[in-house]
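Structure record follows, encoded as structure tokens.
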There are 2 protein chains.
Amino acid sequence: MTARTSTESARDIPEATVARLPVYLRALTTLSEAGTGTCSSEALAAAAGVNSAKLRKDLSYLGSYGTRGVGYDVDYLRYQIAREIGVTQDWPVVIVGIGNLGHALANYSGFRSRGFRTVALLDADPARHGEMVAGIQVRPFVDLESIVAEHGVAIGVIATPAVAAQAVADRMVACGITSILNFAAGVLSVPAGVDVRKVDLSVELQVLAYHEQRKAQGELA
Amino acid sequence: MTARTSTESARDIPEATVARLPVYLRALTTLSEAGTGTCSSEALAAAAGVNSAKLRKDLSYLGSYGTRGVGYDVDYLRYQIAREIGVTQDWPVVIVGIGNLGHALANYSGFRSRGFRTVALLDADPARHGEMVAGIQVRPFVDLESIVAEHGVAIGVIATPAVAAQAVADRMVACGITSILNFAAGVLSVPAGVDVRKVDLSVELQVLAYHEQRKAQGELA
DNA sequence: TCCGTTTTGTTCTCCCGTTCACAAACTCCT
DNA sequence: AGGAGTTTGTGAACGGGAGAACAAAACGGA
Ligand SMILES: NC(=O)c1ccc[n+]([C@@H]2O[C@H](COP(=O)([O-])OP(=O)(O)OC[C@H]3O[C@@H](n4cnc5c(N)ncnc54)[C@H](O)[C@@H]3O)[C@@H](O)[C@H]2O)c1
Ligand SMILES: NC(=O)c1ccc[n+]([C@@H]2O[C@H](COP(=O)([O-])OP(=O)(O)OC[C@H]3O[C@@H](n4cnc5c(N)ncnc54)[C@H](O)[C@@H]3O)[C@@H](O)[C@H]2O)c1
């Protein structure tokens with residue numbers, strides 16, 4: 001899914017680790033807000049819900065930011081992880097499809113607080129244009145190109161119905177967006193060099209249902 | 001995360017495969033609606049966005065539902081996968097926390113169409129009680145026990161702020177819910193035998209940001 | 001009936017990720 | 001200064017999943 005180009009840069013962090021770094025980051029933020037200055041890998045692992053050995057190995061890919069016999073300085077480690085992920089900088093984001101889900105996303109404060117700034121809300125339906133959502137005006141989808149160019153947007157979010165998703169993705173890619181978060185069902189096809197992450201709620205529920213069914217079967221055995 | 005009890009039932013399907021079965025199911029539904037009666041592993045794999053060898057191996061865990069030299073009967077395979085996942089039966093679901101996200105989830109048609117029936121929308125805020133969302137009345141959170149008992153609910157969805165999530169989960173577990181889909185940030189701790197799946201949008205965006213940052217670094221090298 | 005073609009089901013190998021276990025490194029106390 | 005106690009960082013073993021490759025099976029045509 002994630003097509004990487006020629007030169008793999010210096011430190012190569014495993015994909016599984018990358019997916020956990022944001023979790024560590026959040027745990028560290030919580031600890032920091034609670035006034036904790038230092039924490040052990042054991043404590044941080046508990047806060048993040050992972051095995052402590054895994055945590056230490058993950059952190060070792062970034063460098064040696066801990067002190068043996070002591071632990072990690074919470075704020076220092078937090079900064080190092082934030083820098084590695086890239087959330088110390090500001091990421092402009094556009095959201096396309098301001099329906100039920102789009103409204104929720106636009107109102108979600110968790111994006112802004114992590115360096116993601118919603119610069120535009122776009123929708124194809126003229127009836128929605130001009131509506132204010134979370135202090136931002138909904139604009140026509142055709143404005144995509146100019147907005148992306150103006151703000152240097154690299155990340156796009158798709159919250160349209162499934163039938164429109166591929167067309168939206170194509171337009172996004174055409175005007176230079178290289179990372180897409182897709183909430184619509186179905187498979188998006190994009191050129192190499194563009195990253196797509198998909199969030200599919202019905203898949204999550206179906207996985208739960210599978211295990212639930214198994215539990216029920218086990219009971220009557 | 002998924003704690004399984006004593007007797008692993010007859011066929012043991014790998015977790016990675018379980019997570020892909022819903023994707024195959026959707027692809028098969030699309031093919032069926034397009035009037036396709038039979039398809040090869042190659043075609044289905046393309047529709048699902050996976051490698052055809054992986055698809056065949058996944059399906060082999062369920063049994064031999066294909067015909068060599070021909071392919072798979074779309075409707076037959078669809079039924080078999082649906083049965084295996086458990087979406088041929090009806091799953092009552094409660095959603096707790098009817099804010100921005102809760103509204104979107106309640107209005108989402110993709111749940112109902114896959115066998116998940118929202119039987120209740122619960123919120124702790126009295127100001128929300130009585131509001132109609134997607135044809136269902138929002139009720140007080142304290143009604144959880146009676147609703148779960150009445151409908152035999154096994155699956156709960158948490159869309160409350162993070163601070164309330166653990167308390168909500170505890171209450172859910174106490175009244176018999178054994179599968180939880182959690183949208184709130186942070187780690188939920190639940191007893192063995194309860195499955196939790198977490199959807200964390202800011203993690204997804206941060207993973208994209210990481211790769212985006214890498215692409216940018218690569219360019220100026 | 002037999003042969004060529006197509007496509008599945010499965011085996012085998014490789015790679016990634018997880019976990020264990022321990023030496024190295026640091027602090028604190030005597 | 002030295003030793004006891006802690007905790008990190010990492011080497012190594014292990015397990016599971018991904019993909020290649022192929023044998024087995026079904027079909028169609030002659
Ligand atoms: N609501 C949920 O909780 C939920 C959950 C999971 C997945 N999803 C998926 O997310 C997507 C959006 O869901 P929703 O409930 O918000 O749907 P919705 O119908 O409420 O909103 C879709 C919005 O997209 C706009 N749109 C349609 N075509 C467009 C185009 N070509 N360009 C720009 N905008 C366009 C529509 O005008 C509408 O405002 C769907 O694909 C849905 O399957 C939703
Ligand atoms: N909005 C999004 O797009 C989005 C995205 C990702 C994650 N989230 C997460 O999902 C959760 C909900 O987000 P939201 O935007 O809908 O928030 P929200 O504040 O709009 O809604 C939260 C709702 O939960 C209710 N609530 C609070 N405490 C409760 C309790 N103890 N029991 C029952 N109900 C309770 C509140 O009354 C409110 O209606 C948050 O944890 C948020 O971080 C939201």
Side-chain angles (χ1 to χ4, degrees), chain A residues 1-4 8 11-24 27-28 31 36-74 76-78 80-81 84 207 210, chain B residues 1-4 8 11-24 27-28 31 36-74 76-78 80-81 84 203 207 210-211:
Chain A
M1 176 176 283
T2 299
R4 196 115 326 286
E8 212 66 33
R11 274 196 300 263
D12 196 28
I13 301 182
E15 200 52 38
T17 297
V18 171
R20 281 188 296 267
L21 290 180
V23 179
Y24 303 154
L28 285 166
L31 286 173
T36 312
T38 296
C39 73
S40 68
S41 64
E42 205 70 48
L44 181 53
V50 301
N51 185 300
S52 73
K54 181 151 50 177
L55 169 74
R56 288 199 299 277
K57 175 146 284 211
D58 283 342
L59 294 185
S60 76
Y61 290 113
L62 311 189
S64 289
Y65 296 133
T67 307
R68 296 174 194 223
V70 178
Y72 301 92
D73 181 289
V74 171
Y76 180 60
L77 181 59
R78 184 158 69 116
Q80 293 299 339
I81 294 179
E84 191 70 40
V207 171
Y210 169 81
Chain B
M1 177 175 283
T2 299
R4 194 113 326 287
E8 212 66 28
R11 273 196 300 262
D12 195 27
I13 301 181
E15 201 51 39
T17 297
V18 171
R20 281 189 294 267
L21 291 179
V23 179
Y24 302 154
L28 285 166
L31 286 173
T36 311
T38 295
C39 74
S40 68
S41 64
E42 205 71 46
L44 181 53
V50 300
N51 184 298
S52 72
K54 181 151 56 179
L55 169 73
R56 288 199 298 278
K57 183 180 276 202
D58 283 341
L59 294 184
S60 76
Y61 291 114
L62 311 189
S64 288
Y65 296 132
T67 308
R68 298 175 192 223
V70 178
Y72 301 92
D73 181 290
V74 171
Y76 180 60
L77 181 59
R78 183 158 71 116
Q80 293 299 340
I81 294 180
E84 190 71 40
V203 168
V207 172
Y210 170 80
H211 290 303

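Throughout, protein chains are lettered first and strands after them, A, B, ... in sequence-line order, and every chain is numbered starting at 1.
Nearest-nucleotide assignment on DNA chain C puts the 5′-proximal partner with A:Ala53, out of A:Ala53 and A:Gly69. If you find the closest nucleotide of DNA chain C to B:Cys39 and to A:Asp58, the one lying nearer the 5' end belongs to B:Cys39.
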Start with the C-alpha distance between B:Val50 and B:Val23, add both sets of side-chain angles, then the distance that settles side chain to side chain contact (heavy atoms under 4.5 Å, CB included), and finish with yes or no. CA-CA 10 Å; B:Val50 300; B:Val23 179; 5.7 Å; no
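Closest contact between the side chain of A:Ser64 and the listed nucleotides D:dG9, C:dT8, D:dG19 involves D:dG9. The listed nucleotides are D:dG17, D:dA20, C:dT18; the one nearest the side chain of B:Asn51 is D:dA20. Closest contact between the side chain of A:Lys54 and the listed nucleotides D:dA18, C:dT19, D:dA20 involves C:dT19. The side chain of A:Thr67 lies closest to C:dC26, out of C:dC20, C:dC26, D:dT8. Each of D:dA20, D:dC27, C:dC22 was ranked by its minimum atom distance to the side chain of A:Arg56; first place goes to C:dC22. The listed nucleotides are D:dG19, D:dT7, D:dG17; the one nearest the side chain of B:Ala16 is D:dG17.
Atom CZ in A:Arg20 sits about 12 Å away from atom C1' in C:dT19, given to the nearest Å. Counting to the nearest Å, the C1' atom of C:dT7 and the CG atom of B:Asp73 are 15 Å from each other. Distance B:Leu77 CG to C:dT8 P: 11 Å, rounded to the nearest Å. Rounded to an integer number of Å, the gap from B:Tyr65 OH to D:dA25 P is 19 Å. Here D:dA21 presents its P atom at 14 Å from CD of B:Glu42, a figure rounded to the nearest Å. A:Glu15 has its CD atom 15 Å from the C1' atom of D:dA18, to the nearest Å. Between A:Leu44 atom CG and D:dG9 atom C1' the separation is 15 Å, expressed in whole Å. Per the geometry, CG belonging to B:Leu55 stands 10 Å off P belonging to C:dG9, to the nearest Å.
Taken to the nearest 0.5 Å, the OG atom of A:Ser60 stands 11.5 Å off from the OH atom of A:Tyr65. From A:Ile81, atom CD1 reaches atom CG of A:Leu59 across 5.5 Å, with rounding to the nearest 0.5 Å. Atom CG of A:Leu77 and atom OG1 of A:Thr38 lie 11.0 Å apart (nearest 0.5 Å). With rounding to the nearest 0.5 Å, the separation of OG in A:Ser41 from CG in A:Leu55 is 6.0 Å.
No N or O donor and acceptor, one from the side chain of A:Arg68 and one from the base of D:dT7, sit under 3.5 Å apart. Donor-acceptor pairing under 3.5 Å, judged by distance alone, is absent between the side chain of B:Lys57 and the base of C:dG9.
At D:dT8, one or more side-chain N or O atoms of A:Ser41 fall inside 4.0 Å of OP1 or OP2 (strictly under the cut-off). For the OP1/OP2 pair of C:dG9 and a distance below 4.0 Å, the side-chain nitrogens and oxygens of B:Tyr72 include at least one atom meeting the criterion.
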